[in-house]
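Below is one structure, written out as structure tokens, with a few remarks after it.
Every value quoted in this text rests on a predicted model; they were computed, and no experiment measured them.
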Amino acid sequence: MPLDYSKPLRVRFAPSPTGMLHVGGARTALFNYLLARKTGGVFVLRIEDTDESRNRVESEAAIYEDLRWLGIRWDEGPDIGGAFAPYRQSERGPIYAEAAQRLLASGAAYKCYCTSEELEADRHEQKARGIHATRYSGRCRNLTAAERAAFESAGRAYSINFAVNPGTTVVDDLIKGRVAFDHDTIGDFVVVKSTGGPLYNFTAAVDDAMMEISLVLRGDEHLDNTPRQMMLQGALGLHRPMYAHVGLILNEDKSKLSKRHNTVGTDQFRKQGVLSTALINHLALLGWSPGSDREAFTLDDLVHDFTLERVGKSGSIFNETRLRAFNQRELQALPRAEYVAMLTRAMQVAGLMEAEPPPAAQRWVETFIDAYGEEIHTIADAIPLVEKLRNEGVVVPALELERLRNREVLFFLDAISQYVDSLSELRDLPLSKTIPAIADEFRIKKKDAFQAVRMALMGDLHGPPLPLLFPLLGHDRIMMRIGQINSHVLHGRGLEPIKYGPGGEPFQTIQPTPPPAPATDKGSA
RNA sequence: GGCGCCAUAGUCUAUCGGUUAGGACGUUGCCCUUUCAAGGCGAAGAGACGGGUUCGACUCCCGUUGGCGCUACCA
């Protein structure tokens, strides 16, 4: 039966602060958030920091930062409180202690005095006997009063274990459907460590119930944990939320996303300058589909269109290339001013622009976007391009240098540099006419001319239109880069830096070179 | 090993028994362009396998295979 969206849902996202928020977590948070907004419900952020050894203090802040960046806001959480505070499990000790006592008192749980060595030995022994279903033997479950007293007086530490009784627990999962678990396949499990620290299944079960979560939506890695949590809630007489387990987001090799494998961290994309709108859009389409060919969705669109019924069961691989394609689309859709501001900021961060860019610098950025804007998939792509434009010199591949060792080409380039030198403004040059005209003087083909200029200026045969490239480089760099070619080539030939006239006859003077009178439309520039 | 989940192109997905199996990313051809990118128009590319059920299965059932998850005093 479909979920009733007319009733407000209380949902939660419960990360453990053991690393950055990876994209799988981000999607889980997103789906929960969408459901809360859609139903006018509440989105709870709970921090599951019960594993002292793995917690990292900075992780919690990092998770906040990533969620905020994504535009996912929570209504209750550690930092803002709420009716069911505290929201950090490390601060909920008394609540778990009380629940554990009730479990003990009712006989639903018992104390286990086994040491970890004994447990380990048990497992070995079971394996040796060919039993691969290595579960807790339950040896402490039926301790006699005398045995128990002996352990107690010996001061042995104990864990609190939940006693799993025969039976079946059925999870009516909103995504996976009805899944039945035979208790025979679930061994007694520890709920409180011998150190007194509560464990995941216990805290999650208690908190989901006590925080009155109505729907638990999480990764399907937790599907097998669900019967344990439901048994716990049953034994404690607590209410049970509905459950929905969504297929995992996987690495390229189909393995589970882990926080240790540095890739696919939400922060990584944020720092690359990926737009949160693009990530949200991409994440939403991993596991959810609108049922139509539409694929551009804002967060608000998703609040409106998202339903659990259209969430798929299978896992999916996170495809970064597709994210970049989405991001490029978002970048193109951005108002120009915003794009300029974003790029300016990125350049400032990279130390490529001063904090208070003068108007000329702003204009430069605008020209840059005209030139390269549409090929940029993420803002980070722009930085190496900017650096290449800003560098004093340029590296021309040896092979290409060889092609430039041609007196006509050299002279042509020199003519270009003189042409540029004669101009006071490099914007809006009619280069598509000027360059062929000058090239014609030296009997160079149009295509070769453009390529020679491109190669001399950028060390590359490809790039944006020259009329945009010229103002981007500016007078000095153009002069320098073409001059560099001349000296490189000549040096390579062991020649003096002399220059050639149109007919091939060497000029006598090194400097100044007489302008070879570019044939046409110099005046229009 | 046991238990559970999953299974349409390289990837994300649509299809809810009858379709030329649709879309997107990627790949690729052409157009545009001095070039590249972008854009436009095309192309190639999929129901893991085997049994059923049915007039008819990608779709329902069973099995096999494969992938993943759980099986921790991690979450």
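A:Arg228 comes within contact range of the sugar-phosphate backbone alone, with a heavy-atom separation under 4.0 Å but no base atom that close. In this structure, A:Gly197 reaches neither bases nor backbone, as no heavy-atom distance under 4.0 Å exists between it and the strands shown. Residue-level contact check: A:Arg310 touches the backbone only, with heavy atoms under 4.0 Å from sugar-phosphate atoms and none from bases.
Summarising the geometry, the separation between NE2 on A:His183 and C1' on B:G2 is reported as 17 Å, rounded to the nearest angstrom. For the pair A:Asp51 CG and B:C74 P, the interatomic distance rounds to 6 Å; values are reported in whole Å. Rounded to an integer number of Å, the gap from CE of A:Met230 to P of B:G4 is 16 Å. Going from atom CZ of A:Arg294 over to atom P of B:G22 covers 23 Å, rounded to whole Å. Atom CG in A:Asn251 sits about 15 Å away from atom P in B:U11, given to the nearest Å. Separating the CD atom of A:Glu252 from the C1' atom of B:C68 is a distance of 16 Å, rounded to the nearest angstrom. Here B:C6 presents its C1' atom at 15 Å from CD1 of A:Ile249, a figure rounded to the nearest Å. Straight-line distance from the NE2 atom of A:His222 to the P atom of B:U71: 10 Å, rounded to whole Å.
The side chain of A:Ser314 has B:A7 as its nearest neighbour among B:C70, B:C5, B:A7. Looking at the side chain of A:Val179, the nearest of the listed nucleotides B:G23, B:G4, B:C73 is B:G4. Residue A:Phe181 places its side chain closer to B:G4 than to any other of B:G4, B:C73, B:A24. Of the candidates B:C70, B:G69, B:G23, the closest approach to any side-chain atom of A:Leu248 belongs to B:G69. Closest to the side chain of A:Arg54, from the set B:G4, B:G10, B:C74, is B:C74. In the set B:U13, B:C25, B:C6, B:U13 carries the atom at the smallest distance from any side-chain atom of A:Ser289. Of the candidate nucleotides B:C73, B:C6, B:A24, B:C73 has the atom lying nearest to any side-chain atom of A:Val190. Of the listed nucleotides (B:A75, B:C12, B:U11), B:A75 has the atom at the smallest distance from the side chain of A:Glu48.
A residue-by-residue look at A:Gln89 and A:Pro290 shows that A:Pro290 has its nearest nucleotide of RNA chain B further toward the 5' end. When each of A:Ala325 and A:Ala157 is assigned the nucleotide of RNA chain B bearing its nearest heavy atom, the one mapping closer to the 5' terminus is A:Ala325.
Across all strands shown, B:U8 has no partner, as no Watson-Crick or G-U wobble contact with both distances under 3.5 Å is found. Nucleotide B:A14 forms a pair with no other nucleotide shown, judged by Watson-Crick or G-U wobble geometry with both contacts under 3.5 Å. Across all strands shown, B:C60 forms a Watson-Crick or G-U wobble pair, both distances under 3.5 Å, with B:G52. Across every strand in view, B:G69 sits in a pair with B:C3 that passes the Watson-Crick or G-U test at under 3.5 angstrom. Remark: B:U27 base-pairs with B:A43; criterion is Watson-Crick or G-U wobble with both hydrogen-bond distances under 3.5 Å. Pairing of B:U19, defined by two Watson-Crick or G-U wobble distances under 3.5 Å, is not identified with any nucleotide. Base pairing annotation: B:C32 forms no Watson-Crick or G-U wobble pair, as no partner gives both donor-acceptor distances under 3.5 Å.
Applying the 3.5 Å distance criterion, the base of B:G69 shares a donor-acceptor pair with the side chain of A:Asp224. Contact annotation: side chain of A:Ser194 to base of B:C73, donor-acceptor pair present below 3.5 Å. Between the base of B:A75 and the side chain of A:Asn225 there is a donor-acceptor pair shorter than 3.5 Å.
The side chain of A:Ser316 places an N or O atom within less than 4.0 Å of a non-bridging phosphate oxygen (OP1 or OP2) of B:U13. The shortest distance between the side-chain N/O atoms of A:Arg324 and the OP1/OP2 oxygens of B:A24 is not below 4.0 Å. The shortest distance between the side-chain N/O atoms of A:Lys313 and the OP1/OP2 oxygens of B:C6 is below 4.0 Å. Taking only side-chain nitrogens and oxygens, A:Thr18 never comes nearer than 4.0 Å to OP1 or OP2 of B:C74.
Contact of the A:Gln89 side chain with the A:Tyr96 side chain is registered, since non-hydrogen atoms from C-beta on lie closer than 4.5 Å.
In this structure, A:Phe151 and A:Tyr113 have parallel ring planes: the angle between them is below the 30° cut-off, well short of the 60° mark. Using cut-offs of 30° and 60° on the angle between ring planes, the pair A:Phe318 and A:Phe269 is tilted. Using a 30° and 60° split on the angle between ring planes, A:Phe412 and A:Phe442 fall in the perpendicular class, above 60°.
Across B:C12 and B:G51, the matching P atoms stand 28 Å from one another, rounded to whole Å. Across B:G69 and B:G26, the matching C1' atoms stand 29 Å from one another, rounded to whole Å. The separation of B:G39 from B:U13, taken at their C1' atoms, amounts to 25 Å, rounded to a whole angstrom. Taking atom C1' on both nucleotides, B:G18 is separated from B:C60 by 15 Å, rounded to a whole Å. Taking the P atom of each, B:C36 and B:C31 are spaced 12 Å apart, rounded to whole Å. Rounded to whole Å, the P atom of B:G2 lies 15 Å from the corresponding atom of B:G63. Across the C1' atoms, B:C3 and B:A44 are found 43 Å apart, a figure rounded to whole Å. When the C1' atom is used for both B:U59 and B:G52, the distance is 15 Å, rounded to whole Å.
With salt bridges taken as basic N to acidic carboxylate O contacts below 4.0 Å, one links A:Arg102 and A:Glu98.
Under the 3.5 Å distance criterion, the side-chain polar atoms of A:Asp440 are left unmatched by any main-chain donor or acceptor of A:Ala437.
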Distance-only check: which donor-acceptor pairs under 3.5 Å involve side-chain atoms of residues 242-250 of chain A, not counting sequence neighbours?
residue: A:His245; atom: ND1; partner: A:Asp173; partner atom: OD2; Å: 2.6
residue: A:His245; atom: NE2; partner: A:Arg218; partner atom: NH1; Å: 3.2
residue: A:His245; atom: NE2; partner: A:Thr226; partner atom: OG1; Å: 3.2

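Applying the side-chain contact (heavy atoms from CB on, under 4.5 Å) test to A:Asp448 and every residue at least two apart in sequence or in another chain returns A:Ile444, A:Lys445. Applying the side-chain hydrogen bond (donor to acceptor under 3.5 Å, both in side chains) rule to A:Tyr339 yields no partners; only residues at least two apart in sequence or on another chain are considered.
Identified under the salt bridge (Lys or Arg N to Asp or Glu O under 4.0 Å) test for residues 316-335 of chain A, with sequence neighbours left out: A:Glu295-A:Arg322, A:Arg324-A:Asp381. Counting only residues at least two apart or on different chains, the salt bridge (Lys or Arg N to Asp or Glu O under 4.0 Å) pairs with a member in residues 195-211 of chain A are A:Arg12-A:Asp208, A:Arg46-A:Asp207, A:Arg46-A:Asp208, A:Arg92-A:Asp207.
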Contact pattern, 5' to 3', of nucleotides 29-39 of chain B - B, S or - by protein heavy atom under 4.0 Å: -----BBBBS-

